[in-house]
Structure formats: C-alpha cells, structure tokens
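One structure is given below, encoded as structure tokens.
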Amino acid sequence: MSHDLLSKLDIRYPIIQAPMAGVSTPALAAAVSEAGGLGSIALGTSTVQAARAAIAAVREKTGRPFNANLFTHAPAQADPAREAAWLAWLRPHFEQFGAEPPAALSEIYRSFLADEAMLELLLETRPAVVSFHFGLPPQDWIDALKAAGAVLFTTATSLDEALRIEAAGIDVIVAQGIEAGGHRGIFDPSAPDPALPTFELLEQLRDKLALPLVAAGGIMDGKQIRTAFYHGASAVQMGSAFIACPESSAPPHHRALIAQGSALQTELTAVISGRPARGIVNRLFLKVGADGHPPLPDYPIAYDAAKALHAAASGKGSQDYSVNWGGTNFAQARAMPAVELMATLAAEMDEEA
C-alpha cells in the first residue's frame, strides 16, 4: 500500500515533513525532498508575494516534488467588543513588561478560502502536492487544482471529516492524532473534538475509506513509522522530528526547550491563536489560559494579541510568553541535518522490518 503512494508522489521514502508554519523553511523542504521524502512549505500565513518567493526558493534547491500547504479555516469575523475584552484580560501580562496592549487587533493573515489570488498562484506554479488544513476549499477550486496536476492532501481528525474529504475528490487523507504538535486540523473548532490518538484514528479510518492514509502525531522514529503502517498508514507526516534540524527556523529558545527533554510537557490550548493547538506549556497556557478568561477572538485575530505579548516580553529578555509548538513526543527530536535524519529514519525502518 505504501508503495502505491510512493509512486504517486514520486518519492523514495514514505516520510512527509510537516508544513509547520513559522518553523519550516524552503531549505528544510528542499533537503527532505532531496533525501527522498516529501518536503513541505507552509503558505497559510503568507501573502501571495511571499508564497511565490517560497516556492521559487524550494525550486532553486531541488527539482524533486514538494508540498505547499494552505489554511482553509472560516475567515475571521471581527468583533470589537470581544477583542477589547480579550485585550483587557491580557493587560496585566503586558504591564509586567512596562508595555501597553495593542489598541486593536487584526486578522494577521487571510484564509485560503478568501484568497483567490493564492489559488491563481498555485495554478500557475503547480507544486506537485497541495495540502489543506482546517477544512476543504470550494469544490471548483479542488477540481481546478487536480486538473492542473496537483496531488491533494487534507487533514482529518475524525471519520466524519475523512468521509467528507473522500467525497470531495481529495487524493490523500492526513490522519492527525491528538498527539500532533501545532494546530488541530479539526474542521469546526466549536464542535466536540473526538481527540483520538493517531493509531486509534487510523484504525477507525482504514476499513471505511479507499484513500491512502498518512499518519500524523507522535511519530518520531523508524519504529513508530512501522507501527503506523501496521495500523493502516501508507506514509507518515512528521513535524516535531524536524524542528531541531538546522534547516528549520526554530529560534534558540525553542531548540533549548527541546534539549531539556522530558522535563517539559505539552498541552492543547486555543488561547494563543483562537484555535486549539498543541505546544510546550508556559505562561501562555497557565496564566493567559487560566479559568475564567473571556471568550476568544476569532482565529487568527487572537494570534495577533499573543504575538504582541511575546514581543513585549522578549523585548525585556523574557521567553515566558513565547509560542513553541510541539507534539507529545517533541523531546525525541534529534538535532541533525535533515538529510542525516532522513537516512537515520530509513535505517530504523529497515531495522524494524
């Protein structure tokens, strides 16, 4: 089963580097693709101009296939009263650093659903793989991308989402378990989250869908890759495993936290961005996310506030409000170049065969 997907993607190893907005880079994507996997770039937070530059930067370094990832969340709805209440809640945290919260918050990046120019860029530049996180784009956009030759991926966190993905004509489902770092790909963040572990989710999907499944969440080494195959995956998507690579743009503090290892914990919270996401616990989780906080602004408007708070704190030498996304097994990340990590993972898979 995995070999069918390998042929479809024109890759040697069933390993996909997760897009990881804010951490992945064209250099990382190119290195993974050159090493026989599928590298990914995150365009969900990019303007069309930045996306064009990122695609060109990957192609300067490799002629191999790569994945361009987009965010397909419902466009944010401004609510000045709700946003003012959220800024009032954050005010004491800003004041610790002699700073004032912003006067207002903004939608810091657009959903792909509201960015037809980004669609036109994808149709023009034709990355081999285009992936969607947080839901599905319009059917005519899906059809246009497929007609342009793109292999399409979409994240699912439940059987219901996976069935909708299959019905839309998407090619591959990324089955995201609760262990995964970064944002949950859940379509409707206001709905109950089944919160299924990766391998349990795979078991739910494997006999009910015809599409290839890519396992995402908690997978850090070759043994875990083989376990994912046992549960029905054709490939794996690994994010936290690549954060410590020198090609990533993870800042020194994030790398230092990974080096601290199992002394730290991860949790899911929506208070950072407005949507549930898993990261390494700090004051954003414990204090900003404390019981009694007011309703959150829409995603990504809430993220504007978190970024301003981190800027105020870091300007005074504090990383207490930094955002360090990571999965439950983040401490197993290995600090080595991506090509070495890919070779190591391939060897570990062979050992477990």
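What you see below is based on every heavy atom in this structure, not just the backbone, and it leaves out hydrogens, waters and symmetry mates. All values reported here derive from a predicted model rather than from experimental measurement.
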Assess, by modelled atom type and distance only, whether the side chains of D188 and S190 contain a donor and an acceptor separated by less than 3.5 Å. yes
Check whether R82 reaches the backbone of L296 with its side chain - one donor and one acceptor, N or O, closer than 3.5 Å. yes
Without hydrogens or angle criteria, can the side chains of N69 and S40 be said to hold a donor-acceptor pair below 3.5 Å? no
Does R91 come within less than 4.0 Å of E100, counting only side-chain N to carboxylate O? yes
Co-members of L268 in a cluster of I, L, V, M, F, W and Y side chains, linked at under 4.5 Å: I178
Charged N to carboxylate O under 4.0 angstrom, E340 versus R334? no
Under 3.5 Å, is there a donor-acceptor pair linking the side chains of H133 and T155? yes
Residues 27-57 vs ring-ring contact (aromatic ring centres under 6.0 Å, His included), sequence neighbours excluded, gives none
Which pairs pass side-chain hydrogen bond (donor to acceptor under 3.5 Å, both in side chains) with one or both residues in residues 18-35, sequence neighbours excluded? E34-T62
Centre of Y303's six-membered ring, under 6.0 Å away, within 45 degrees of the axis: is that where NZ or CZ of K307 sits? yes
Check ion pair R206-E203 (N to O, under 4.0 angstrom): yes
With sequence neighbours excluded, residues passing ring pair (Phe, Tyr, Trp, His ring centres under 6.0 Å) with F97: Y321
Return yes if some donor-acceptor pair links the side-chain N/O of Q319 with the main-chain N/O of S314 below 3.5 Å, else return no. no
A277: partners by side-chain contact (heavy atoms from CB on, under 4.5 Å), with sequence neighbours left out: H183, W325
Partners meeting side-chain contact (heavy atoms from CB on, under 4.5 Å) with S46 (sequence neighbours left out): L43, A50, A51
Taking only residues two or more places apart in sequence, or in another chain, which ones meet H293 in a ring pair (Phe, Tyr, Trp, His ring centres under 6.0 Å)? W86
Quick one: pull up CD1 in I11 and CD1 in I16 and give me the separation to the nearest 0.5 Å. 5.5 Å
Output yes when a side-chain donor or acceptor of N67 lies under 3.5 Å from a complementary backbone atom of G39, and no otherwise. no
Any donor and acceptor pair, going by atom type alone, linking the side chain of R126 with main-chain N or O of L121 inside 3.5 Å? no
According to ring-ring contact (aromatic ring centres under 6.0 Å, His included), does anything in residues 10-55 pair up with another residue at least two apart or in another chain? List the pairs. none
Is it the case that the side chain of S240 and the backbone of F330 share a donor-acceptor pair, with hydrogens and angles ignored and the cut-off at 3.5 Å? no
Sequence neighbours excluded, every pair satisfying ring-ring contact (aromatic ring centres under 6.0 Å, His included) that has a member inside residues 231-282: F199-H231
Tell me whether the guanidinium CZ or amine NZ of R164 lies under 6.0 angstrom from the six-membered ring centre of F187 and within 45° of its axis. no
Name all pairs fulfilling the salt bridge (Lys or Arg N to Asp or Glu O under 4.0 Å) condition that reach into residues 64-77, sequence neighbours left out, sorted by first residue then second. D10-R64
Any chance the rings of F71 and F134 have centres within less than 6.0 Å? yes
Applying side-chain contact (heavy atoms from CB on, under 4.5 Å), name anything that partners I170, two or more places apart in sequence or on another chain. F132, L136, I142, L152, T154, I165, A168
Is there a donor-acceptor pair closer than 3.5 Å between any side-chain N or O of E200 and the backbone N or O of P197? no
side-chain contact (heavy atoms from CB on, under 4.5 Å) partners of A338, counting only residues at least two apart: L28, A31, V32, C245, E247
Any side-chain heavy atom of P102 sitting closer than 4.5 Å to one from F94? yes
Any side-chain donor paired with an acceptor under 3.5 Å for E179 and T198? yes
Keeping E83 on the side-chain end and D79 on the backbone end, is there a donor-acceptor pair under 3.5 Å? yes
Donor-acceptor under 3.5 Å (D298 side chain, Q77 main chain): yes
